[in-house]
There are 2 protein chains.
Amino acid sequence: MDINSTSPALVFSALGDDTRLELIQRLLEGTPKSVSYLSRGFNISRQAIRKHLHHLEKAGLIRPTKVGREQLFQIQIEQIESSCKYLEEISSQWDIHLKNLKTLLEDKA
Amino acid sequence: MDINSTSPALVFSALGDDTRLELIQRLLEGTPKSVSYLSRGFNISRQAIRKHLHHLEKAGLIRPTKVGREQLFQIQIEQIESSCKYLEEISSQWDIHLKNLKTLLEDKA
DNA sequence: TTAATAAGCAACCTAAAGGTTGCTAGTTTA
DNA sequence: TAAACTAGCAACCTTTAGGTTGCTTATTAA
């Protein structure tokens with residue numbers, strides 16, 4: 001089983017929350033960050049943030065490393081990239097569809 | 001207020017379900033499709049499918065047109081495209097981040 | 001003009017999401 | 001070594017998601 005393969009729906013659902021998108025934004029800057037550090041600035045509890053991090057982790061969007069008493073998280077960019085490809089694929093299928101429609105109309109005319 | 005702007009989290013959350021991704025796939029082929037038509041082939045009820053369609057609609061991913069007694073749905077590709085851009089933006093921020101890290105390490109050496 | 005079809009509405013159920021508080025156990029650091 | 005800090009675990013609560021069934025209304029076709 002490929003460790004990098006998570007279902008598109010799982011990844012999108014992990015991305016489908018404002019708090020989690022904000023966490024991802026914060027993880028984009030600088031070095032890996034701890035749960036406590038990431039909790040600061042939100043007005044919900046550390047445990048709530050930890051649950052959001054679990055979602056991101058399960059979807060393969062972040063990766064934890066234990067360092068001393070801290071759990072440090074960093075972005076796993078591959079999942080973002082493959083979700084992006086998934087959406088590009090939809091767009092291109094739609095383009096093909098529109099092109100087919102157009103030829104169909106021209107043939108009728 | 002821009003009719004085309006839906007929050008990224010709302011769109012991702014609409015994409016975060018296997019049934020809804022499957023509905024999108026079906027809507028990519030051919031002409032606009034009715035609720036009943038789209039319900040066929042799933043083993044959940046028409047009402048359940050209708051709820052999923054509501055989600056997609058609220059996120060701006062599909063657009064309904066009433067024709068006679070039927071409600072026909074078609075893809076609204078703009079939301080897909082802008083979600084795609086959102087993910088590309090994340091990827092590029094991550095690239096910049098990695099590049100910065102690299103220069104930092106080289107400067108130290 | 002009656003029967004079949006498409007779809008809306010409402011009530012209901014169960015599981016999961018998103019949050020809380022309280023407590024415990026390992027690390028650091030003063 | 002005692003105090004402070006990081007984080008895990010468990011129990012609980014409330015709202016929402018995803019699904020069901022039953023019924024009504026509008027439109028289309030026989």
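None of the values given here were measured: they were computed from a predicted structure. We name chains A, B, ... by the order of the sequence lines, and we start the count at 1 in each one.
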Engineer: Under the salt bridge (Lys or Arg N to Asp or Glu O under 4.0 Å) definition, can you give me all pairs with a residue in residues 17-36 of chain B, not counting sequence neighbours?
Structural biologist: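 Residue pairs passing salt bridge (Lys or Arg N to Asp or Glu O under 4.0 Å), neighbours aside: B:Glu22-B:Arg26.
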Engineer: When the ring planes of B:Phe12 and A:Phe12 are compared, do they come out parallel, tilted or perpendicular, using 30° and 60° as the limits?
Structural biologist: parallel
Engineer: List the residues meeting side-chain hydrogen bond (donor to acceptor under 3.5 Å, both in side chains) with A:Arg69, not counting sequence neighbours, and say none if there are none.
Structural biologist: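 Partners of A:Arg69 by the side-chain hydrogen bond (donor to acceptor under 3.5 Å, both in side chains) criterion come out as none, since no residue qualifies.
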Engineer: So A:Ile77 and B:Ile90, side chain to side chain contact (heavy atoms under 4.5 Å, CB included) or not? Walk me through it.
Structural biologist: CA-CA 9 Å; A:Ile77 205 66; B:Ile90 290 180; 4.2 Å; yes
Engineer: Indicate whether any N or O donor in one side chain lies under 3.5 Å from an N or O acceptor in the other, for A:Thr6 and A:Gln79.
Structural biologist: yes
Engineer: Just how far, in rounded Å, is C1' of C:dG19 from CG of A:Leu53?
Structural biologist: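 From A:Leu53 CG to C:dG19 C1': 15 Å.
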Engineer: Would you give a per-nucleotide map of nucleotides 17-30 of chain D, 5' to 3', where B means the base has a protein non-hydrogen atom under 4.0 Å away, S means only the sugar-phosphate does, and - means neither?
Structural biologist: -SBBBB----BS--
Engineer: Can you give the donor-acceptor pairs under 3.5 Å from side chains of residues 36-49 of chain A to other protein atoms, not counting sequence neighbours?
Structural biologist:
unit_1, atom_1, unit_2, atom_2, d
A:Ser39, OG, A:Val35, O, 2.8
A:Ser45, OG, A:Ala48, N, 3.2

Engineer: To the nearest 0.5 Å, how far apart are CG in B:Leu61 and CD in B:Glu78?
Structural biologist: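 Between atom CG of B:Leu61 and atom CD of B:Glu78 there are 10.5 Å.
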Engineer: Heavy atom of residues 26-39 of chain B under 4.0 Å from DNA chain C: which residues?
Structural biologist: B:Ser34, B:Val35, B:Ser36
Engineer: Linking directly or through intermediates, with side-chain heavy atoms under 4.5 Å: list the remaining ILVMFWY members grouped with A:Val67, chain and number order.
Structural biologist: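 Cluster partners of A:Val67: A:Leu72.
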